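In this text, all values refer to a predicted model and were calculated from it rather than measured experimentally. Below, each value reflects all heavy atoms present in this structure, side chains not excepted, and no hydrogens, waters or symmetry copies.
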Amino acid sequence: MKTIGIDIGTTSISGVVYDLERNKVIHSLSKEHQSSINTDKEWEKIQDVNILVQISKSILDILLEKTPDCVGIGLTGQMHGILYVDSDGKAISSLFTWQDGRVLEDNLLDTLQKKTQSPVSSGYGLATHIYNLTLVSRIKKW
């Protein structure tokens with residue numbers, strides 16, 4: 001019985017075919033995705049989702065071609081990143097990575113830590129989302 005695993009990482013996307021009966025990896029490949037989007041904000045760490053999807057699909061296609069008897073596919077990605085999607089599941093934002101530092105602006109991180117009484121870190125999806133909400137609020141007031 002063979003399964004495929006795809007890991008969508010910060011700098012590369014990797015895929016493996018694992019044979020459960022033989023307890024070993026039988027195929028693996030990895031590709032750097034270079035999906036980072038450069039902006040004028042040094043703290044902003046975002047990526048182009050279309051590039052990530054395209055490379056993930058191409059790796060999956062290659063592994064499925066090598067393993068037509070695959071019985072399962074598992075996906076993993078950046079733990080603290082955040083991506084906004086519409087009601088159909090389509091991306092409507094870039095991927096905000098775990099490295100994103102927008103919450104450090106305006107001492108928002110300190111405020112979050114005090115209000116939640118928790119050790120919130122820059123790059124956590126919730127912290128990024130709260131910053132984005134405050135930005136929308138500031139724009140509406142403007």
- [ ] Show the numbers, then the answer: is there a side-chain contact (heavy atoms from CB on, under 4.5 Å) between N50 and Q54?
- [x] CA-CA 6 Å; N50 295 319; Q54 175 193 8; over 6 Å; no
Can you tell me how far [atom2] of [Y] sits from [atom1] of [X], rounded to the nearest 0.5 angstrom?
X	Y	atom1	atom2	value
L112	I130	CG	CD1	4.5 Å
E32	S14	CD	OG	10.0 Å
Y131	I82	OH	CD1	14.0 Å
I51	S56	CD1	OG	11.5 Å

Could you pull out the closest heavy-atom pair between [X] and [Y], with the gap in Å?
X	Y	result
S94	I37	OG-CD1, 3.5 Å
S122	D100	OG-O, 3.2 Å
V16	S28	CG1-CB, 3.8 Å

Backbone N/O of [Y] and side chain of [X]: donor-acceptor pair under 3.5 Å:
X	Y	result
T39	K41	yes
T76	I8	no
T97	K45	yes
T67	L64	no
T128	L126	no
H33	T10	yes

4.5 Å side-chain heavy-atom contact, [X] and [Y]:
X	Y	value
F96	R102	yes
L52	L95	yes
D61	L63	no
L29	I59	yes
N132	Y84	yes
K2	V71	no
K31	I13	no
Q47	Q78	yes

- [ ] Any chance you could lay out the side-chain contact (heavy atoms from CB on, under 4.5 Å) test for L108 and T134, step after step, and finish with the verdict?
- [x] CA-CA 9 Å; L108 183 57; T134 65; 4.2 Å; yes
Task: Hydrophobic cluster membership, V103 vs W98, 4.5 Å side-chain cutoff - done: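 Different hydrophobic clusters.
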Open item on the list: One thing to verify: whether K90 and D88 come together as a salt bridge, which I'm taking to mean a side-chain N less than 4.0 angstrom from a carboxylate O.
Closed with: no
Pairs under 3.5 angstrom only: tabulate donor-acceptor contacts from the side chains of residues 20-27 to other protein residues two or more places apart or in another chain.
| unit_1 | atom_1 | unit_2 | atom_2 | d |
| --- | --- | --- | --- | --- |
| E21 | OE1 | M1 | N | 3.0 |
| E21 | OE2 | M1 | N | 3.0 |
| N23 | OD1 | Y18 | OH | 2.2 |

Task: side-chain contact (heavy atoms from CB on, under 4.5 Å) assessment of L83 paired with V49 - done: CA-CA 9 Å; L83 172 70; V49 176; 3.3 Å; yes
Task: Summary of ring pair (Phe, Tyr, Trp, His ring centres under 6.0 Å) pairs that have at least one residue in residues 39-67, sequence neighbours excluded - done: none
TODO: Apply the test side-chain hydrogen bond (donor to acceptor under 3.5 Å, both in side chains) to residues H129 and Y124: give CA-CA distance (whole Å), side-chain angles for both, the deciding distance (0.1 Å), then the verdict.
DONE: CA-CA 9 Å; H129 179 62; Y124 277 19; over 6 Å; no
Open item on the list: Other residues, nucleotides and ligands only: do more than 12 of their heavy atoms fall within 6.0 Å of CD on Q113?
Closed with: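 For Q113, atom CD is crowded (more than 12 foreign heavy atoms under 6.0 Å).
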